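What follows is a set of notes on a single structure, which appears directly below.
Quick caveat, the model's predicted, so the values are computed rather than measured. Remember, it's 1-based here, ligands and their atoms both numbered in the order they're listed.
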Amino acid sequence: MHYSIFSLARAALGGHRAWTPAWRDAQPKPEYDVVIVGGGGHGLASAYYLAKEHGLANVAVLEKSWIGSGNVGRNTTIIRSNYLLPGNIAFYERSMRLWEKLERDLNYNAMVSQRGVLNLYHSDAQRDAYARRGNAMRLCGVDAELLDARQIRKMLPFLNFDNARFPIQGGLLQRRGGTVRHDAVAWGYARGASDRGVDIVQNCEVLGFAFEKGRVAGVETTRGPIRAKKIGLAVAGNTSRLAALAGLRLPIESHVLQAFVSEALKPLIPNVVTFGAGHFYVSQSDKGGLVFGGDLDGYRSYAQRGNLPAVKDVCEGGMALMPMLGRVRLLRSWGGIMDMSMDGSPIIDTMNIPGLYLNAGWCYGGFKATPASGWCFAHLIARDEPHPAAASFRLDRFARGAILDEKGQGAQPNLH
Ligand SMILES: Cc1cc2nc3c(=O)[nH]c(=O)nc-3n(C[C@H](O)[C@H](O)[C@H](O)COP(=O)(O)OP(=O)(O)OC[C@H]3O[C@@H](n4cnc5c(N)ncnc54)[C@H](O)[C@@H]3O)c2cc1C
């Protein structure tokens with residue numbers, strides 16, 4: 001069903017009885033050319049681009065729960081391409097360009113809102129670091145503006161400029177950054193992939209792998225065995241558990257990250273703002289709630305829920321930036337499981353078992369990467385060679401010492 005102003009009007013005139021399900025709830029077939037494990041944003045985008053860009057339609061996405069139940073439906077919806085390192089800038093900018101045309105491509109309203117992402121700085125050293133990052137971005141054709149305190153005050157007069165422990169000196173603004181309705185991304189890609197023949201199989205957990213002649217030959221699932229010539233893993237926080245079923249140990253730890261939504265307020269925050277003296281980021285949803293988050297909870301877990309010390313820490317960051325937040329009521333919070341890699345950068349690569357491919361290590365920045373991740377993973381699976389935009393995301397970079405440590409924190413996932 002094509003969505004348009006006319007189909008909306010027709011459906012409204014018909015009492016909204018004409019709508020059909022957005023994607024087929026498929027039953028698993030015994031065999032596929034490609035099986036993608038994980039119906040999150042990355043798995044669904046990979047299946048969509050496999051079908052659309054590479055003509056591979058005998059593809060299944062196996063999801064242990066419902067699609068969108070993982071991090072793709074739990075994140076704080078921020079997209080941006082304001083990176084410093086060459087291996088990252090090109091990749092995230094490719095993602096940003098795919099976001100910019102995603103809704104037309106998918107014929108689906110994902111509420112892509114390029115409202116701007118502003119990183120505040122609070123010291124001379126931080127200003128220098130942001131100026132360097134902005135210059136690196138501009139050299140790669142990415143938009144970046146370094147603003148001073150006067151410009152920020154004009155833009156966001158409600159921030160704490162006068163009595164702050166860490167006064168705001170300025171900020172780095174990427175106007176093309178912004179937010180996207182997170183679960184609509186899962187639904188839009190699912191619909192697009194399903195339309196092209198991909199089977200989206202929900203309630204189908206992968207429990208193990210089958211091997212033949214040194215190659216991966218299929219998966220054991222809660223809905224029976226499924227054979228496949230190629231298998232792509234895109235299970236985010238469950239990566240280490242799934243890889244262990246194939247006998248692999250990866251440089252990934254799983255940590256909890258929480259997100260928070262306040263009661264609905266009148267329009268207040270026009271863009272995405274991040275606090276540079278602590279870890280706090282906030283935007284306002286179209287329903288009026290402030291959507292915000294901060295640091296990891298600080299311990300390893302596979303549970304999709306967090307604890308109170310992180311709630312307190314995040315709210316303190318918010319109060320430092322906007323003291324009036326103290327009077328706002330917190331409505332909801334939840335946790336997601338982050339696949340934290342040892343250098344804070346992702347992995348899109350083949351494995352040492354032929355036929356097995358890995359998409360993981362997204363830490364807490366993988367939502368913005370969804371379109372480019374799917375694009376590059378589909379390329380890797382279809383052609384058995386890495387896409388040039390993801391060439392830095394090879395697994396062997398840890399052995400070669402060619403790590404992509406954007407934050408310069410070393411192998412300490414809890415600090416990325
Ligand atoms: C609170 C929070 C805030 C965040 N904020 C941002 C942000 O603002 N910007 C940003 O860029 N990123 C953000 N992220 C990170 C981003 O959401 C993730 O990096 C990204 O969504 C991960 O990729 P995914 O969508 O494929 O993962 P998921 O949606 O988690 O998909 C993985 C899927 O695999 C399934 N699965 C697991 N094991 C199995 C199995 N054995 N068999 C079958 N299926 C299985 C899971 O059920 C899940 O649905 C945030 C994350 C969280 C939790």
Enumerated ligand 1 atoms positioned under 4.0 Å from heavy atoms of [X]:
X	answer
N238	37 (C), 38 (N)
T77	8 (O)
L242	41 (N)

Quick check on [X] - does any of its heavy atoms sit under 4.0 Å from an atom of ligand 1?
X	result
M338	yes
A369	no
C363	yes
G237	no
G293	no

Check your understanding: For ligand 1, is there an N or O atom under 3.5 Å from any N or O atom of G366?
Key -> yes
Under a 4.0 Å N-O cut-off, is there an ion pair linking [X] with [Y]?
X	Y	result
R115	D286	yes
K101	D105	no
R133	E406	no

Study note, to complete from the structure: Residue pairs meeting side chain to side chain donor-acceptor pair (under 3.5 Å), one or both in residues 320-337, sequence neighbours left out, come to E263-R329
Check your understanding: atom 50 (C) of ligand 1: which of L296, V37, N75 has the nearest heavy atom?
Key ->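 Result: the heavy atom closest to atom 50 (C) of ligand 1 is in N75.
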Exercise for review: Do me a favour and list the nearest non-hydrogen protein atom to atom 5 (N) of ligand 1 with residue, atom name and distance?
Suggested key: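 So the nearest neighbour among protein heavy atoms is T76 OG1, 2.9 Å.
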Point to revise | Crowding at CZ, R400 (>12 non-hydrogen neighbours, <6.0 Å) | key: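 Enclosed: over 12 neighbouring heavy atoms sit under 6.0 Å from CZ of R400.
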